[in-house]
Amino acid sequence: MFEEFEKAKKIIDKSNSIYMVAHINPDGDAIGSTCALYFALKQIGKDAHVVCPSYSEVFEFLPGIKDAISVIDKDSYDLLICLDASDNGRLAISSEDYNKAKHVIMLDHHQRSHPYGDVQYINDELSSASEITYNFIKYLNIPFDENSASLLYTGMLTDTGSFNYSNTSSATHRAIAELLDVGINATYICKKLNDTIKEAKLKLIAKTIDNMEVYYDGKLRYSYVDYDTIKNLGIHDEDAEGMTNYLRMVEGTEVAVYVRGKSDGTLKVSMRSGGNVDISKIAISFGGGGHPRAAGYTMTQDIGVEKKKLIDVVGVMLSELSRD
Ligand code: 5GP
Ligand code: MN
């Protein structure tokens, strides 16, 4: 860790204009890690910015996100720091803006990442990019303030499913304890992220459950909500996610799949596993990626064909389980 952190520190020391970016369709960890590092680097006098062209309204209350920019209005800049993005094709930045960077630092926690950049720090044992960023900010010797601490808390909270998932370690909890000591309002963050939804979202949950199909004795639960339904509920693309967990929660479910239509005409597949099936393998085989228990991809062909292929692949993996 320290070798890569040291290399990154040296680049930061000689950089002034620094941009933080995460993956497209940012989650709490993507926003938490980029915005936290933005506040830390501003504290040491850097000309820091976050690039984040679109995000769900649920994250609007987070500090720093409203200052995020969509494109880089400069011919060149010193440094791009990429967080929570396993390959540079998924970054929320155009390749043109990516190429304007003199240096690129990658900080990521995904398994089977595709390393890129001058510094490549990948640690899949940590819960989140936010936990990496927590370690990195400490390494840079920059104190946490209420903003950076709230953001790092958010990233760890969301990527661990509120400390439910097995990626939560004692180190995660120690980091959280330190962030709480900064004086953040964790109750407010939890209320906003875990305990507040719009009525339209409640209706989307109902639709998802209504459309649920059950395969392999309840081991696979699948639901598809088309774009027109989502649009008619007044829900934007970024706010239409998060449905897979409801399917996964049902007793006996090994794999849950939620497919949603998007405004650009594509279909986004979001998968969750109960832990026995490594769904990142499935997602990768369909051109996507992710973690063993949370993965996704975009369907590129007709939904009828793609759905059958997916159900068959899950069936093969489930039958391998029962053979063990
Ligand atoms: P979600 O279901 O929340 O959209 O995505 C779960 C995880 O799967 C994400 O954290 C990300 O790692 C991965 N993922 C989702 N969609 C894609 C995709 O299209 N490509 C890749 N490489 N990973 C994805
Ligand atoms: Mn993450």
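Order of appearance sets the numbers: ligands from 1, and atoms from 1 within every ligand. All values below come from the heavy atoms of this structure, side chains included, with hydrogens, waters and symmetry mates left out.
- Across the listed options Ala295, Gly89, Gly289, Gly289 owns the non-hydrogen atom lying nearest to atom 23 (N) of ligand 1.
- Taking the centre of each ring, His173 and Phe163 come in below the 6.0 Å mark.
- Evaluated by nearest non-hydrogen atom to atom 5 (O) of ligand 1, the leading choice among Glu241, Arg272, Met271 is Arg272.
- Residues Glu60 and Lys66 are not paired through a salt bridge, judged by the lack of any N-O separation under 4.0 Å between the basic side chain and the carboxylate.
- Rounded to 10°, the angle formed at the Mn ion (ligand 2) by OD1 of Asp84 and OD2 of Asp159 is 170°.
- Regarding atom 7 (C) of ligand 1, its nearest protein heavy-atom neighbour is Ala294 O, 3.5 Å.
- Scanning both residues, Lys201 and Met243, for their nearest heavy atoms gives CE-CE, 3.6 Å.
- Heavy atoms only, all atoms of each residue included: Ile284 and Gly289 are closest at CG1-CA, 4.0 Å.
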Salt bridge (charged side-chain N to carboxylate O under 4.0 Å, His left out) between Lys9 and Glu6, worked out: CA-CA 5 Å; Lys9 182 180 182 304; Glu6 187 53 33; 5.4 Å; no
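- Residue Asp27: no N/O/S atom is found under 2.8 Å from the Mn ion (ligand 2).
- Draw a line from the Mn ion (ligand 2) to OD2 of Asp29 and another to NE2 of His109, and the angle between them is 100° (to 10°).
- Near Ser270, meaning under 4.0 Å from one of its heavy atoms, ligand 1 places the atoms 1 (P), 2 (O).
- The nearest protein atom to atom 20 (N) of ligand 1, hydrogens excluded, is given as Arg90 NE, 3.2 Å; this is a heavy-atom distance.
- Aromatic rings of Phe61 and Tyr188 (six-membered ring for Trp) have centroids within the 6.0 Å cut-off, being under it.
- Among the backbone and side-chain atoms of His110, none of the N, O or S atoms lies under 2.8 Å from the Mn ion (ligand 2).
- Counting non-hydrogen atoms of other residues, nucleotides and ligands closer than 6.0 Å to NZ of Lys308 gives a total of 12 or fewer.
- The His110 neighbourhood of ligand 1 comprises atoms 12 (O), with distances under 4.0 Å to a heavy atom of that residue.
- Residue-ligand proximity, Tyr297 to ligand 1, at heavy-atom distances under 4.0 Å covers atoms 16 (N), 19 (O).
- At a 3.5 angstrom cut-off on N or O pairs, Lys268 counts as close to ligand 1.
- Those atoms of ligand 1 that come under 4.0 Å of a heavy atom in Gly288, given as number and element, are 20 (N), 21 (C), 22 (N).
- Protein heavy atom nearest atom 17 (C) of ligand 1, with residue, atom name and distance: Gly296 O, 3.2 Å.
- A pairwise comparison of heavy atoms in Tyr224 and Gly261 identifies CE1-N, 4.3 Å as the closest pair.
- Less than 6.0 angstrom separates the ring centroid of Phe144 from the ring centroid of Tyr134.
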